[in-house]
Amino acid sequence: MGSVNEAEQSEESARRVSTGSTGLDALLRGGWLHGGTYMVTGAPGTGKTILGNQLCFSHVANGGRAVFITMLSESHGRMMTHLRRMEFFQRDIIGQSLHYVSGYATLKAEGLDGLARLLYRSVREHEATVLVVDGLLAVQESAGSVLAFREFLHGLGVHNALAGCTTLVLTNRQENAADPQFAMVDGVLVLEQQLRGLRAVRTVEVLKLRGEAQLLGRHTFEINAHGIAVYPRLESLYPHPPQDELDLERRQGFGLRQLDEMMLGGVVPHSSTQLLGAPGSGKTLLGLYFLESGARQGETGLYFGFSETKPRLLAKASSVGLELRPWVDSGRLVVEARAAVETLPDALAHEVLSLVERHRVRRLFLDGLEPLLQEPIEPKRAASFLTALINVLRSRGVTTLMSQQTQVIFGPRLEARLEGVEAIVDNILFLRYVELRSQLYRMMSILKMRESGYQAALREFSISTRGIDVAENFESAEAILTGQARPLKAKPKRSRPQKAVRRMPSRKRSRS
């Protein structure tokens, strides 16, 4: 009989209470433990009150009952005015399943003992399974001693654990992380707002979670219409590479015969490819060809970019004979564009993964790596962030193309704005300009393909109203010398053409 009771208690303690934020639930590995007492600390304006209300409304929406007790002088009416903008706000449940109670007057008149009685009575009378106490600092200042305050927190935790009520106490952050009050609760969540240059970035950290695993370190979040939206760091959420088996016999092509021949049929499924080139060299258009080719084979594609709006992108493709509108209308191609200003890289990455999951995407084109790897991501973190993103996309069966700009307009030097990416991706396709007799020409070459052979020779390509036209072989690119082309000498009869330039020593050339 005793073992059954122990099993029931173990199952009861393992129950989770959602915070109302999917990202925060991920940090906590499922949410708050049922019946636990947790402290949320942070300076004014970091989002504590919103988080507490988000918990209450979410809990009631899932069939629970909640009480929100304020220890502040701000009226409940003013709080409701601010909360009405939030999507989780539901006016009709207030006074029914969600009750707001002011404890400020009771604390002032009756002290800690009177406040404790008010809290216990509110939980009991409203049958609350969630209690939020906002303004714990006022309670601490009224306690008179550290011991009295600790006894108050301990008594609240014990009472609500027995009542099956999960408790959240909100307070301004204490400078000393070893403050005794932290030892009296089951977990501590820290909200911060930091200036990085002229930009304010919000972060959240699980400082303590008694007896449970959590995602360590700081994670970014924002306050939007949904409330508190937390974006766990990708490398902490997906730390392990996928255990998938590559299908080297199957290829995913661009729908351009000559380019696909250079890649021996196309890229390996679930691989990652970097389109590296100067502005205007054709990266975006080449990515659209890849998506359109997949759509024709029944593979859903996703374009996610930062420099083109959806109407302009479709018009641009149409001007070169690439009609994407039918694929967009059928849902086979999803086009999403974002402005690359005040963006959170983790937020963008989580949005991409959500779109991939929702639309069952098999081909993805990230048109512009720079916004994904910009501040507030630290330079040392960029490599692990991108590795985690590529790994999770591969684990979901997605083949990824990513465009990146080079700083050099002419010439073969690979001076990209983001260093180290070339070591992470599986394949690199390099697009560049060369100048010959006051005219610009475009050249492409494959610099790298993992798990696959390829043709390394340069090929000329052009962009016209008929689309992208890749040369049949490398002969038109024979006059290239480290990015500075010279005219070919006249061809003698019945002999091999004499080249006016030497071959690039680091690249093998072969005729196709």
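Just so you know, these numbers use all the heavy atoms, side chains as well, and skip hydrogens, waters and symmetry mates.
Scanning for ring pair (Phe, Tyr, Trp, His ring centres under 6.0 Å) contacts around H219 gives an empty result, with sequence neighbours left out. Not counting sequence neighbours, the partners of K316 by the salt bridge (Lys or Arg N to Asp or Glu O under 4.0 Å) test are E308. Residues satisfying the ring pair (Phe, Tyr, Trp, His ring centres under 6.0 Å) criterion with F385, sequence neighbours excluded, are absent altogether. Residues that satisfy the ring pair (Phe, Tyr, Trp, His ring centres under 6.0 Å) test with F304, not counting sequence neighbours, are F306. Every side chain to side chain contact (heavy atoms under 4.5 Å, CB included) that L216 has, sequence neighbours left out, goes to Q214. With sequence neighbours left out, E87 forms a salt bridge (Lys or Arg N to Asp or Glu O under 4.0 Å) with no residue at all. With sequence neighbours left out, the side-chain hydrogen bond (donor to acceptor under 3.5 Å, both in side chains) criterion links Y38 to no other residue. For E299, the salt bridge (Lys or Arg N to Asp or Glu O under 4.0 Å) partners are R250, R363, not counting sequence neighbours. A search for salt bridge (Lys or Arg N to Asp or Glu O under 4.0 Å) contacts involving D346 returns R381, not counting sequence neighbours.
In this structure the side chain of L285 reaches within 4.5 angstrom of the side chain of V320, judged on heavy atoms. Here the side chains of V130 and V17 are in contact, with some heavy-atom distance below 4.5 Å. Two residues are said to be in side-chain contact when any heavy atoms from C-beta on lie closer than 4.5 Å; T166 and T129 fail this criterion. Side-chain contact between Q274 and L429: absent, with no pair of heavy atoms (C-beta onward) separated by less than 4.5 Å. With a 4.5 Å cut-off on side-chain heavy atoms, L353 and L393 count as touching. Side chains of I223 and M86 form a contact here, defined as non-hydrogen atoms less than 4.5 Å apart. With contacts defined as side-chain heavy-atom distances shorter than 4.5 Å, the pair F430/M444 does not qualify. At least one side-chain heavy atom of L51 sits under 4.5 Å from a side-chain heavy atom of L24.
Atoms CG and CG, from L256 and L286 in turn, are 6.5 Å apart once rounded to the nearest 0.5 Å. Here CG of N224 is found 11.0 Å from CZ of R85. Values are rounded to the nearest 0.5 Å. For the atom pair T203 OG1 and F221 CZ, the distance stands at 7.0 Å (nearest 0.5 Å). Rounded to the nearest 0.5 angstrom, S21 OG and L27 CG are separated by 8.0 Å. With rounding to the nearest 0.5 angstrom, the CG atom of N172 is 10.0 Å from the CG atom of L136.
Checked by atom type and distance alone, the side chain of Q54 pairs as donor or acceptor with a backbone atom of I228 at under 3.5 Å.
Surrounding CZ of R312 are at most 12 heavy atoms belonging to other residues, nucleotides or ligands under 6.0 Å away. Under a cut-off of 6.0 angstrom, the local environment of CZ in R360 is sparse, with at most 12 non-hydrogen atoms contributed by other residues, nucleotides or ligands.
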Q: Please lay out, stage by stage, how R338 and E336 fare under the test salt bridge (charged side-chain N to carboxylate O under 4.0 Å, His left out).
A: CA-CA 7 Å; R338 300 290 182 270; E336 296 287 341; 3.0 Å; yes
Solution key, residues 323-332 side-chain donor-acceptor pairs under 3.5 Å, sequence neighbours excluded:
{"unit_1": "E323", "atom_1": "OE1", "unit_2": "S318", "atom_2": "OG", "d": "3.4"}
{"unit_1": "E323", "atom_1": "OE2", "unit_2": "S318", "atom_2": "OG", "d": "2.9"}
{"unit_1": "S330", "atom_1": "OG", "unit_2": "P326", "atom_2": "O", "d": "3.3"}
{"unit_1": "S330", "atom_1": "OG", "unit_2": "W327", "atom_2": "O", "d": "3.0"}
{"unit_1": "S330", "atom_1": "OG", "unit_2": "R332", "atom_2": "N", "d": "3.4"}
{"unit_1": "R332", "atom_1": "NH1", "unit_2": "G298", "atom_2": "O", "d": "3.0"}
{"unit_1": "R332", "atom_1": "NH1", "unit_2": "T300", "atom_2": "OG1", "d": "3.3"}

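Judged as a salt bridge (charged side-chain N to carboxylate O under 4.0 Å, His left out), the pairs with a partner in residues 387-396 (not counting sequence neighbours) are, in order, E357-R396, R394-D426. Legend: ring pair (Phe, Tyr, Trp, His ring centres under 6.0 Å) pairs involving residues 265-302, not counting sequence neighbours, sorted by first then second residue: F254-F290.
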